[in-house]
Every structure is written in C-alpha cells, then in structure tokens.
Amino acid sequence: MTQMTAPHAPITAEAFADEIRNYLLTEQGVTPQEATVKDVYVATAKATRNHLVPAWAKTRADMVKGNTKAVGYLSAEFLLGRQLRNSLLDAGLSEQFSKAMAELGFDANEVVFSEPEPGLGNGGLGRLAACFVDSLASLGVPAFGYGIQYQYGIFRQEFDDQGRQYERADYWLTNENPWGHTDYNRDVRVNFGGSVQEKDGKRVWVPDWSVRAIPVDYLVPGYESGRVNTLRLWTAKAYHEIDLRTFNRGDYYGAVHNQIQAEDITKILYPEDSTPQGKELRLQQQYFFVSASLHDAIRTFYPGQEKPDLTTFPTKITFQLNDTHPVIGIPELMRILMDEYGYDWDTAWDVTTRTFNYTCHTLLPEALEVWPADLIGKLLPRHLEIIRKINENFVKLLSSLTDDQAKIDRMRIVTEGDNQQVRMAYLATAGGSHVNGVAELHSQLLKDVTLRDFNDLFPAKFTNVTNGVTPRRFVRIANPRLSDLITEGLGTDSWVSDLSKLEGLVPLADDDEFVHRFAEVKRANKRDFAAFAKERYGFEVNPNTMFDSMIKRLHEYKRQSLKILAVISRYASLKSGQTKLEDFTPRTVIFGAKAAPGYALAKETIQLINNVSRVINNDPEVEGKLNVLFPWNYNIELAQNLIPATELDEQISQAGKEASGTGNMKFALNGALTVGTLDGANVEIRDRVGHENFFLFGMTVDEVEDLYAKGYDKGMSRQYYESDPRLKQAIDMVADGTFSNGDKSTYQNLVNDWLNKDYFMTLADFRAYVGIQAEIEKTYADEKTWFRKALLNTARSGYFSSDRSIADYLERVWLTGPLPEDEKLKSRED
Ligand code: GPK
C-alpha cells in the first residue's frame, strides 16, 4: 500500500476553530459564548465533513468515468458507531480538533460524547459491514454501501429492579444529524402489491401502491487514501402525505394513512439477530432498499442514457449480498432488465448471475431466511413469477447434472406442496457467482453441511473470506496508548494502514522493558475504564483485578450461561472455603449483551446475570475478590472503552455454531488473551498467535456431532449435572432461589432447559471450562509471562484487519481493485 496524504490541504488549529465558529454563527445562529456542547458538536461535524466533500465528489467522478469496477455492498445493517473521531482522523484533523476545542473553551471528549450513536445494526453482521466500507475506502476501491436509514436503530436496553431487560426506542434522529445529507433530488419510486397482467404477450406488473425512496448520503472517508466513498441509506416517504377529502370529512387519522404506511417501512430496525421473524414489514424493508439501490446504480453508471447497454452492468459494479436480507435483489434485477429495459430472459439471467455474490454469516438453520410464497406473491407478484421460473430452470439444470432425485428435491428454491416457501439462501447460491463463509471453519461447514448439495454440483462457486475489523476505529482511536507504543516499537505508524506490520513487534516480546510498558498501557486503560464505569453506570471497579469480558448478543449458542454457571461455582467455592481467598486471583467479570425482545430464555439469562451480580457484589465475604458487572445497553461506545482494558476475552460458543466472531479479533489486537472453543475465527486466531498463547477448552465440532448422535439433547445433560458436584451445586443455587430472593420459579425455564435439553451442551463443556479457568489464573499470577503472551497476541493478529478481508474479496470474489493512482493525482490537479 502506498502512503497517501489526506484528501485536503492541512489547515491550522486556529483556522479549524474559525471554521467551527463560522458554522456556529451561520447555521446554528449562536456565538461561541452562547454555544452548548451539542452546538459545538454539530458545527465541528459540519466543518469536518466539509473537508472531505471535495475528495468525495472526485472519487465519484473518477468512478463513473473510469474503468474500475465498483463494489456495491448491500446490507440491511450498518452498525456505524459515532462518526466524529473517525472523520477527524481520516480528514487529518485530529490534532487541530483538540487544540480548537481548547481555544473555544470546550472539552473535546464531551463534544465527541454528545454525538448520538447510530445503532443501525444488531451485532456482528452490521458492524462487519461498517468495517468493510471503511476498508474499501482506505484501499481506494470505488464502492457504495447501500442500506436503510432506520428512524429507530437497535433498542436501548435498560434493566428493571428485578434485573430484567426492557427495551426503549432509540431516538437517535431527534436532533440535527450533521453527517447524513438527504438528497431529495435523487429519489426513486418503489412499487408494491397489485397484480401481473398480460399485455401484448408480455407480463406487466400493475402495482397498487408505491413509496418514495430518498437517499441519505454518509461520507465514508478512507484513511490516507485520498478517497471518500458513499454510504447511501434510504429513507421512505409517501408520495401523497395527506388525503384532503378524507381530512375534510373529519377523519384525521385516515387522511394520513398513506403517509404512515409508507414511512413505517424505514421506521425501525428489526431487533432479531440470527433468528429473524418472517414479518411482512421486513420483506417490505428488504425490497425497498434493494430496488432503490439497483435503480440508483443504473442511473449512476449510465447517466442520462435512455437505452443503456446493461449487458455491461457486471463490468460497472458487483453487488455483495450481506446475508440473505438483500437476496430479493436477484429477481428484482431480472425484472428491471426484462420489464423495464426489454431484455430477454437468458440475457437478463446472464447479467444477473454475473452481478451478485452472496456471503453467508451463520450455520444456524433458523437464521437462513425463508419466505412464504404467498407473502411474496401478495407484496411482489411479478417477483414471485420470476422466482418460480428461476426455480424451474434451476431444477432442469440440476436434472442435467445428476440423477439423484432426492438431492434435486432438497435443492429446490421453492418448496413443493402446501405452504410453499422460498429459500433465500438457495436463491442466492443459484443466482450469484460466488458464495462465501466468514471464517475457514465456517466456510468448510457450509460446504460440508449447510449447502452441501450445492457444493457437490457447483464447487467452483464456494470460497472463504475470513472476517476482519478496522484497525482505525478499534485500535488507533479506541486505544491511543497502545497505538503510540506500537508506533514507537515499530518506528512508524504505517501499521494503521498495513496491519501486517504488527508482526514487527514479535522480537519485542523478549524485551522485558517493552513488555513492561505494554503492561503499563493495559493498566492505564483499566483505570480509564474504571472511571468510565463509575461515571456512566455508577459501578465501583477495582482496577487491580483481572478484567474478564464477555460482550456479544445474548444467544444460547454463545453460552453466556456457561460463563455465569462457572462464576456461580467459583463464588460458592470461595464461600465454602474450598477455594482459599488468598489463592484466588481477584477478578472483575464483565458482561455486555442485548437479547432479542421475544427471546424468552435469553431474557431469563440476562435476569440471572444481573442477580448473580447483585448477590456477589453485595457479599462482604468476597469483596475485592470477585465482582460481576453488567453495564446495560452494550453498544459500540462501550466496546471501544472496554476492549482496550480487557485482559481475558471469552469466546466460548459451542463448536460449530459461531460463524466467525469479530469481537475475538478486536480483543486479540488490543492485547487480551482468549479463552475459547475451536469455533469460527478462534481457530485461525489461535493458529496465528500461537497455541501456547490461547486458552483452548471444550468439545470439537466432531465431538459435538458424536454427542448429538448419542442423543445428548434428549435428556443426557442430566448425567453431567448428577456427576459433577460443582455443576450440580451451581445449578441448584439457581433453582433454589439464591439469585431470586428465594423464589424458585424465576429461572424455571432456564433450569428446565439445562436439565432436559441443553441443546448447546453447556453442561457437557462445564468441566473443561472450569479446568481452563484454573490454568488461566496460574498464568495470570506471573505477570511477565501473561503480558508477553498478550503482546504476542497483538503482534500476530495483523491478519485480522478488515483491509485484508477486503483484499481477499477483491481477489476471490469481486475481481476488481483500487481506482488508479494516476487518475486520482490527475483529477486532483484539474
Ligand atoms: C450472523 F446470521 C447472523 C446474523 O443474523 N447476525 C449476525 O450478526 C454474525 N451474524 C455471526 O454470528 C458472527 O459469527 C460473525 O462474525 C458476524 O455475523 C459477521 O460475519
């Protein structure tokens, strides 16, 4: 990667302060003396954005006039996190910002904190999309992110006095949003409903309602690439907001019915992660943003052309389907090509299959979306016809490839019989060029299990791209102390754009002085976190304890219950004197997790964690030794504060269930050691950081399969409960009311599940987990050894940069690259 400058002439802090004053006055209408922190945030955001706009316009122009195929990343979620620090970094204005705030008399951090966090995603999948657009821009690849600007993002989580989760709406857009530019002049009509009619031998869709899709553009600056891409998030508006005749009759609600129906489409993010509900509004959302995006791409790449040659479309842009959510784009592009531009089926199919690629993010069958054919037919009748024809042709193709009728039946895109279903993962696999999983193990299991039949017949479609995370947000910005130390150790800060350079730190693991300073960074970050936790949550945190974190969505397969049972067991043994207080490594155990609002067992687990925390934290016998924290509303901000302070990271999913994980990468980069199973990207992290620097435990995928074959989930878990006294004691404490003021019914569902089903084998892995924790404590007792291992985790995790993931996609899937350098330099001169 070449070293590039920021996309603008650098300015002084004084000049930047002047620009901010100017925005305050001309747009907010306040003097610096009158301005509040929020005013200053908005003005600073606008001034920063302004510096990026020329490179943004240039990047778009170069993309349209050049010959470099662009990437369209279609995703229902982009979990961005706050924008200010990142935009300042990429605009080369970070230092000017600090000084300008001092000059204006404002606290820089307070200004940063006053930005509401855009939570337009549920978890890993949405955050990955945000990392990927950052890396695309940083590599100089022309790209659009396409998605939805939800008016309400992921819910705000709060806990009631019983420790139960409740959800509040996330009002992130109630104040001025300086980052999003609403482009009313580039709207797109999106149609729904109606029927298909025959006209002059052609099938014609006659929809019965439509919605106006309006783009809201976010700038996606690259780090030192001189490029700024676009994240285009659509918002829905009605064409006719009010029906005056109805209003005049006195029916005020009826008069705005149209508006409500239209605007509901982008009202709220569905909060289910990995277990979507097949709701009609969700299908409306999917079609809405995908249809608008495809039309937008055609308009962008064939400007002003009445009859564009769309057979060249796959040379202009390649679309990545981020999971099954945008897969309706396949029949939509077919429809656009045939019905709007007059191409025949075969040409349309050829173009479509060369345009799309599909990333699968799961192995859980319930996360692979399936839509009732009736529902698609009601909302998108023409698309259902097209899907049926795709299915018919696909079955014909299969028949020419195999005689195995059972296999052909298994592979149908549309199921047969009553209640026909459309399997979106199969549609994506049949209708795109490539299919990839998100870690090596995951991609292998996709080929061997989930999409096995497809791999048998179309092996060339399948590939792997291991996930990655952006080092800008998750190291450079989140962990400035570590960043400075790395830069010092390497003698350059080029690692921020080429993370493989971290490897150069490996020899420093034998330099006691450097390891000591690495440890000092961690300790300072722990003190910072303790202060943050005190201020934000009112928690008392002892920074002289081991920080042990588990942050991720609450899901049975991720096994927060394994962690909490081990904590309970440890607590019990401290109380009974089985573990001597003086032999014990004091720990602060930190959980962060949201549960889908309708996921009962997950919510019960949250309640249990909160009450275990309450009991342990109020027990003077273990004070200063064991502390359990559950900061509510886990989000990007909390991640950025906690990850740099964490020493032990928990990645303890049942083997074969976590597709990749990305938190695991963020922790390793920030010098935490992982305790984990052989699952997802844990496998690759362990191979890279060294097996001796990773705490492995638990069953493997094969062992899990063998245990299912023996009938584990049909009642075998009880044997584990009966035969392990520590496990039995922990579960009994949950059942007997220790964590519910004596009430035995509070955790009844959880206890029942553990003893009778335990599908994800928490009980079967308990012994191994408790065993590895003892080993962890032994290692932690020797500080030098621990931090040497931690440093090696940082040094050897450079591979997990999302820049590397994007480079892999470019080579294996998208078959394109950065805009040419000379084009950029030339265009910057003219
Ligand atoms: C997978 F299927 C899904 C989903 O609906 N949401 C989601 O966040 C996650 N994911 C996987 O669970 C993680 O293992 C993976 O790292 C992440 O997607 C990104 O690929």
Side-chain angles (χ1 to χ4, degrees), residues 73 75-79 119-133 135 147 154 269-278 282 286 320-327 358-370 424-425 428 435-443 445-446 450-451 464-470 474 550-560 593-596 599 602 634-636 639 649-668 674 676-685 760 800 802 805-806 808-809:
Y73 201 81
S75 180
E77 303 188 3
F78 286 91
L79 186 47
L120 308 184
N122 274 287
L125 173 152
R127 182 54 234 178
L128 185 77
C131 286
F132 279 4
V133 289
S135 286
I154 186 66
L269 168 78
Y270 274 95
E272 283 88 25
D273 183 82
S274 303
T275 43
Q277 293 174 33
R282 190 177 166 105
Q286 296 180 350
Q320 194 64 27
L321 301 165
N322 195 27
D323 217 81
T324 49
H325 319 145
V327 171
Y358 162 56
T359 303
C360 179
H361 292 265
T362 187
L363 290 159
L364 306 178
E366 67 269 27
L368 297 174
E369 287 177 302
V370 164
M424 302 309 268
V435 179
N436 75 282
V438 289
E440 276 168 23
L441 175 65
H442 174 236
S443 295
L445 291 170
L446 272 185
T450 317
L451 296 173
N464 170 250
V465 179
T466 297
N467 282 168
V469 301
T470 173
F474 290 105
M550 182 164 190
I551 47 174
K552 47 187 78 257
R553 284 296 286 243
L554 202 308
H555 204 293
E556 289 159 90
Y557 84 79
K558 295 180 188 280
R559 302 199 297 190
Q560 280 91 354
K594 289 180 183 178
Y599 189 172
Y634 171 53
N635 61 3
I636 306 288
D649 166 37
E650 306 271 344
Q651 301 294 340
I652 60 177
S653 53
Q654 184 196 34
K657 295 298 188 296
E658 189 69 89
S660 163
T662 45
N664 46 6
M665 301 169 182
K666 296 166 196 168
F667 278 110
T674 309
T677 48
L678 278 182
D679 202 14
N682 293 355
V683 179
E684 289 158 77
I685 292 175
F760 297 101
F800 301 103
S802 46
S805 307
I806 292 301
D808 287 350
Y809 275 103

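All ligand and atom numbering here is 1-based and tracks the order in the structure.
- Shortest contact from atom 8 (O) of ligand 1 to any protein heavy atom: Leu125 N, 2.9 Å.
- Under the salt bridge (charged side-chain N to carboxylate O under 4.0 Å, His left out) criterion, Lys594 pairs with no residue, sequence neighbours left out.
- Rounding to the nearest 0.5 angstrom, the gap separating the CD atom in Gln651 from the NZ atom in Lys552 is 3.5 Å.
- Of all atoms in ligand 1, listed by their number and element, those nearer than 4.0 Å to a heavy atom of Gly661 are 13 (C), 14 (O), 15 (C), 16 (O).
- Atom CZ of Arg553 sits about 8.0 Å away from atom OG of Ser274, to the nearest 0.5 Å.
- Judged purely by atom type and a 3.5 angstrom limit, Ser805 uses its side chain to pair as donor or acceptor with the backbone of Thr466.
- Interface of Thr362 with ligand 1, defined as ligand atoms under 4.0 Å from a residue heavy atom, comprises 2 (F).
- Separating the OH atom in Tyr599 from the CD atom in Glu556 is a distance of 3.5 Å, to the nearest 0.5 Å.
- When each atom of ligand 1 is checked for a heavy atom of Val438 under 4.0 Å away, the hits are 20 (O).
- Looking only at heavy atoms of the protein, atom 11 (C) of ligand 1 is closest to His361 O, 3.5 Å.
- Distances below 4.0 Å separate heavy atoms of Tyr557 from the following atoms of ligand 1: 12 (O).
- Distance check, rounded to the nearest 0.5 Å: OH of Tyr358 to CG of Asp323 gives 5.5 Å.
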Decide yes or no on side-chain hydrogen bond (donor to acceptor under 3.5 Å, both in side chains) for Glu369 and Thr324, but give the supporting numbers first. CA-CA 6 Å; Glu369 287 177 302; Thr324 49; 2.8 Å; yes

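- Figure legend: cation-pi geometry between Lys666 and Phe474, with NZ or CZ positioned under 6.0 Å from the six-membered ring centre and within 45° of its axis.
- Nearest protein neighbour of atom 5 (O) of ligand 1, counting heavy atoms only, is Ser274 N, 3.1 Å.
- At a heavy-atom distance under 4.0 Å, only side-chain atoms of Asn467, from C-beta outward, approach ligand 1.
- Of all atoms in ligand 1, numbered sequentially from 1 with element shown, those under 4.0 Å from a heavy atom of Asp273 are 6 (N), 7 (C), 8 (O).
- Backbone and side-chain nitrogen or oxygen atoms of Ser660 are examined, and one is located within less than 3.5 angstrom of a nitrogen or oxygen of ligand 1.
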Worked check of side chain to side chain contact (heavy atoms under 4.5 Å, CB included) between Asn467 and Arg127: CA-CA 11 Å; Asn467 282 168; Arg127 182 54 234 178; over 6 Å; no

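- Near Ala659, meaning under 4.0 Å from one of its heavy atoms, ligand 1 places the atoms 14 (O).
- Between Ala367 and ligand 1, a contact under 3.5 Å exists for no N or O pair.
- Nearest protein neighbour of atom 12 (O) of ligand 1, counting heavy atoms only, is Glu658 OE2, 3.0 Å.
- Ligand 1 does not have Asn122 within reach: every non-hydrogen atom of the residue lies 4.0 Å or more from it.
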